[in-house]
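Data first, discussion second: the structure below is written as structure tokens.
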Amino acid sequence: AGEPKQDLSALRRAHRAPWAFEGAPRRRDRAIDVGRVAFRDAALSPTCAEWLALDARLEAGHLARTIARGLARLDLSGLRRLYAGFGSPAYPPELLLAAVLFEAQRGHHCPAQWYRPAKESDPVRWLLRGLRPSRSCWYQFRDRVGAELLALTQQAVRQAIAEGLT
């Protein structure tokens with residue numbers, strides 16, 4: 001009647017990557033060496049003319065500045081560790097998080113909605129320091145950062161309580 005079912009585990013073993021030999025630790029089981037994580041350099045340095053022009057256009061109390069100050073006070077090493085074990089240099093996750101927080105405040109909660117402001121919005125360009133992540137980068141960031149959001153939120157709440165802000 002029907003075709004016999006194939007043994008999928010045998011197919012997976014046959015098509016396994018050459019470095020995935022029997023007994024080798026899987027990617028998620030390997031120890032993470034944070035020292036080997038490479039991140040892209042910001043496109044705009046704080047001394048270049050374009051950065052200074054962006055900076056001058058943002059008011060002193062602008063939400064983008066508030067977000068940048070708040071993130072600067074958090075320990076983001078857990079967020080950066082999420083990028084260990086991957087190949088090419090990644091966009092700095094603290095810059096992506098800053099842009100996402102800004103866009104979320106504006107009602108944009110989807111990675112597809114974060115792509116365009118990285119090119120067109122002065123506050124987002126300021127937060128990203130001129131970097132222009134691809135649409136797929138925003139989706140990868142969303143998928144990767146979820147594991148660390150609770151810890152970052154707890155850290156921010158603890159700081160707010162310690163300072164009597166809440």
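All values below come from the heavy atoms of this structure, side chains included, with hydrogens, waters and symmetry mates left out.
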Rounded to the nearest 0.5 angstrom, the CD-CG distance for Glu94 and Leu128 is 11.0 Å

For His109 and Gly107, work out which heavy atoms get closest and say how close.
CD2-O, 3.5 Å

Across all chains, not counting sequence neighbours, the side chain to side chain donor-acceptor pair (under 3.5 Å) partners of Thr153 are none

Partners meeting side chain to side chain contact (heavy atoms under 4.5 Å, CB included) with Ser134 (sequence neighbours left out):
Ser136, Cys137

Going by ring-ring contact (aromatic ring centres under 6.0 Å, His included), name the pairs with one or both residues in residues 132-157, residues two or more places apart or in two chains.
Trp114-Trp138

Measure across Ala112 and Arg135 and return the closest heavy-atom pair with its distance rounded to 0.1 Å.
O-NH1, 3.5 Å

List in chain and number order the residues that pass side chain to side chain contact (heavy atoms under 4.5 Å, CB included) with Asp41, two or more places apart in sequence or in another chain; answer none if no residue qualifies.
none

Phe39: ring-ring contact (aromatic ring centres under 6.0 Å, His included) partners, not counting sequence neighbours
Tyr83

Mind jotting down which residue pairs meet the salt bridge (charged side-chain N to carboxylate O under 4.0 Å, His left out) criterion with at least one end in residues 108-117? Sequence neighbours excluded, please.
Arg116-Glu120

Less than 3.5 Å apart, which donor and acceptor atoms pair up between the side chains of residues 48-55 and the rest of the protein, not counting sequence neighbours?
from  : atom 1 : to     : atom 2 : distance (Å)
Glu50 : OE2    : Arg125 : NH2    : 2.3
Asp55 : OD1    : Arg65  : NH1    : 3.0
Asp55 : OD1    : Arg65  : NH2    : 3.1
Asp55 : OD1    : Trp126 : NE1    : 3.0

With sequence neighbours left out, write down each residue that passes side chain to side chain contact (heavy atoms under 4.5 Å, CB included) with Ala56, or none if nothing qualifies.
none

According to side chain to side chain donor-acceptor pair (under 3.5 Å), who are the partners of Gln113, at least two apart in sequence or on a separate chain?
none

What salt bridge (charged side-chain N to carboxylate O under 4.0 Å, His left out) pairs are there with at least one residue in residues 151-162, not counting sequence neighbours?
none

With sequence neighbours excluded, tell me which residues meet side chain to side chain contact (heavy atoms under 4.5 Å, CB included) with Arg106.
Phe102, Glu103, His108, Ser121

Heavy atoms, side chains only, cut-off 4.5 Å: are Leu96 and Pro133 in contact?
yes

Checking Arg144 now: which residues fulfil salt bridge (Lys or Arg N to Asp or Glu O under 4.0 Å) with it, not counting sequence neighbours?
none

